[in-house]
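Written below as structure tokens is the structure these notes are about.
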Amino acid sequence: MATIYVPQVSLVPRSAGDLDLLRKTNMPAMTEHLGGPETEEQLVARHRRYLDPEANRDMFRVVLPAGEVVGSTGYWDHEWHGEPAHETGFGILPEFQGRGLAVAAVMAVVGKAKTVGRHRLLHAFPSIDHIASNVINADLLAFIQG
Ligand SMILES: CC(C)(COP(=O)(O)OP(=O)(O)OC[C@H]1O[C@@H](n2cnc3c(N)ncnc32)[C@H](O)[C@@H]1OP(=O)(O)O)[C@@H](O)C(=O)NCCC(=O)NCCS
């Protein structure tokens, strides 16, 4: 039987020093399916929103056991057919892609939302032509708190 490799990641709450991570996840290769890169001004505003404790948004950097920051994920409030819910998003930096880290990060964020989230549902909205994102979201179409 083959050895099964399960990547380990930690989700660390985003902090004031994470503007650079936001700049990295803003590059064209990372935003192709998300509407393209934002301006520096938009990024700074986004960074502030990510850190705002009143924003009903839990945002994390994705960190390997050795401490390398490989991406980001999180969840925030939105509404779906009149019901309050969470929406999630995720990004893994290009040099770390293809190792199962997005799946590991998404599973971790599902666990986090399930234990401390504010709503019963967690949604993701991948664009229809984004194959990798759709593969990941196949596990995630809807999430029901137990
Ligand atoms: C989408 C993204 C998060 C995938 O990250 P990743 O770490 O490479 O993904 P994983 O290695 O965990 O792979 C996840 C699945 O997608 C598949 N996959 C990854 N890249 C793929 C590609 N280019 N084409 C087809 N399938 C792909 C993998 O085979 C894997 O499937 P499996 O679980 O059946 O083996 C990454 O490409 C990214 O950050 N993109 C930019 C941001 C973005 O678009 N985020 C998504 C919307 S919020």
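Just so you know, ligand 1 is whichever comes first in the structure, and atom 1 is the first atom listed for that ligand.
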*Looking at CG of D18 and NZ of K24, how far apart are the two atoms once the value is rounded to the nearest 0.5 Å?*
10.0 Å

*asked:* Per the ring-ring contact (aromatic ring centres under 6.0 Å, His included) rule, what does the pair list look like for residues 6-27, sequence neighbours excluded?
replied: none

*Could you tell me whether D20 and R61 have a side-chain N and a carboxylate O separated by less than 4.0 Å?*
no

*Could you tell me how the ring of F125 sits relative to the ring of W80: parallel (under 30°), tilted (30 to 60°) or perpendicular (over 60°)?*
tilted

*asked:* Does this structure show an ion pair linking D77 with R118, if we count only N-O contacts that are shorter than 4.0 Å?
replied: yes

*E41 atom CD: more than 12 heavy-atom contacts under 6.0 Å*: no

*Name the residues with a heavy atom less than 4.0 Å from ligand 1?*
M30, L34, G89, F90, G91, I92, Q97, G98, R99, G100, L101, A102, V103, H130, I131, A132, S133, V135, I136

